[in-house]
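For reference, positions follow the sequence shown, starting with 1.
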Amino acid sequence: LEKIKAQTNMNHISFAYHYKSLNQNDSMNIDGSPWDFLNNIANAQFILTDSFHALTFAMQFKIPFYVFDRQYTHDENQNSRIKSILDLCNVSNRMIFNIDDIDIQDLIDFEGIHTILKKERNKTVNYLKNAYDKISDKVINANIKGLPFNTKPYEIFDFNGFKVGCIGFTTVYIPNW
């Protein structure tokens with residue numbers, strides 16, 4: 001952190017993690033809501049993280065970033081999805097294992113990242129549409145409007161003569177996701 005501060009004159013904010021090693025005079029440790037998390041990333045000048053979500057939002061908001069190895073107290077490595085998205089977006093050099101590997105001047109091709117991610121989103125949407133086509137007659141939904149397939153509000157299932165009715169209601173928040 002000292003190296004980056006010396007190169008950029010940026011202050012450090014640690015979100016959610018309260019590492020004793022980061023409790024310096026120019027550091028601020030905060031916690032907050034998901035909106036606070038997003039706001040801090042969107043308004044950052046630079047991101048150093050071990051979080052998959054912080055990485056993906058840094059990519060989305062076009063904030064320069066480096067990702068360091070996530071350290072846990074258990075033996076399982078938690079970096080596979082981070083490495084996958086870095087490889088997919090051709091920025092595997094942004095995964096660092098030594099703080100000396102950080103080069104503040106090394107630019108990121110965010111347009112290239114966004115092109116790749118748009119292609120992946122389109123593949124996902126096509127996959128989901130095809131999956132929905134296969135099950136659309138099986139979806140129970142009584143209160144979500146505007147789905148891209150027909151649904152029925154209820155279904156009665158017969159389990160060897162024992163009938164069970166299911167109504168497809170959800171909370172008012174789900175349709176807003």
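- Val164 and Phe169 fall into different hydrophobic clusters, where Ile, Leu, Val, Met, Phe, Trp and Tyr side chains are chained together by heavy-atom contacts under 4.5 Å.
- The two residues Ile116 and Cys89 have their closest heavy-atom pair at CD1-CA, 3.9 Å.
- With a 6.0 Å radius and a threshold of 12 heavy atoms from other residues, nucleotides or ligands, Tyr127 has its OH atom at or below the threshold.
- Rounding to the nearest 0.5 Å gives a distance of 9.5 Å between CD1 of Ile41 and CG of Leu55.
- Scanning all heavy atoms of the two residues, the minimum distance from Thr49 to Ala54 falls at OG1-CB, 3.3 Å.
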**Request:** Could you give me the CA-CA distance, side-chain angles and deciding distance for Ile63 and Gln45, then say whether side-chain contact (heavy atoms from CB on, under 4.5 Å) is met?
**Result:** CA-CA 6 Å; Ile63 307 298; Gln45 293 175 295; over 6 Å; no
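- Under a 3.5 Å cut-off, the side chain of His114 and the backbone N or O of Met59 do form a donor-acceptor pair.
- For residues 152-162, every residue pair satisfying the side-chain hydrogen bond (donor to acceptor under 3.5 Å, both in side chains) rule, not counting sequence neighbours, is listed here: Lys152-Glu155.
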**Request:** Could you go through the side chain to side chain donor-acceptor pair (under 3.5 Å) check for Asn43 and Asn39 one step at a time?
**Result:** CA-CA 6 Å; Asn43 291 299; Asn39 187 53; 2.6 Å; yes
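- The shortest side-chain heavy-atom distance between Leu48 and Ile102 falls under the 4.5 Å cut-off.
- A distance of 6.5 Å separates OG in Ser51 from CD1 in Ile82, rounded to the nearest 0.5 Å.
- No side-chain donor-acceptor contact under 3.5 Å links Asn40 to the backbone of Ala42.
- The backbone N or O of Leu86 sits nowhere less than 3.5 Å from a side-chain atom of Arg94 that would complete a donor-acceptor pair.
- Checking Asp50 against Asn79 by side-chain atom types alone, no donor-acceptor pair falls below 3.5 Å.
- How far CG of Asp69 is from CG of Asn98: 12.0 Å, rounded to the nearest 0.5 Å.
- Tracing side-chain contacts under 4.5 Å through hydrophobic residues (I, L, V, M, F, W, Y), one reaches Leu128 starting from Val139; they form part of the same cluster.
- Minimum heavy-atom separation, Ala58 to Ile47: CB-CG1, 4.0 Å.
- Side-chain polar atoms of Asn126 and Asn122 form no donor-acceptor pair below 3.5 angstrom.
- Among residues two or more places apart in sequence or in another chain, the side-chain contact (heavy atoms from CB on, under 4.5 Å) test is passed with Asn130 by Asp133.
- Put simply, OG1 on Thr56 and CG on Leu117 are 9.0 Å apart, with the number rounded to the nearest 0.5 Å.
- Rounded to the nearest 0.5 Å, atoms OG1 (Thr115) and CD (Glu120) are 12.0 Å apart.
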**Request:** Could you check Met95 against Tyr66 for side-chain contact (heavy atoms from CB on, under 4.5 Å), going step by step and ending with a plain yes or no?
**Result:** CA-CA 6 Å; Met95 181 79 173; Tyr66 275 100; over 6 Å; no
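- Between Phe61 and Phe57, the two ring planes are parallel [angle under 30°; tilted spans 30° to 60°].
- The cluster map of Ile, Leu, Val, Met, Phe, Trp and Tyr, joined by side-chain heavy atoms under 4.5 Å apart, puts Leu107 and Val67 in different clusters.
- The cluster map of Ile, Leu, Val, Met, Phe, Trp and Tyr, joined by side-chain heavy atoms under 4.5 Å apart, puts Ile104 and Ile96 in the same cluster.
- Counting heavy atoms from C-beta on, the side chains of Ile113 and Phe110 come closer than 4.5 Å.
- Both Ile156 and Ile167 are assigned to one and the same hydrophobic cluster, defined by single-linkage of ILVMFWY side chains at heavy-atom distances under 4.5 Å.
- Atom CZ of Phe97 has more than 12 heavy atoms from other residues, nucleotides or ligands within 6.0 Å.
- In terms of heavy-atom proximity, Val91 sits nearest to Phe65 at CG2-CZ, 4.2 Å.
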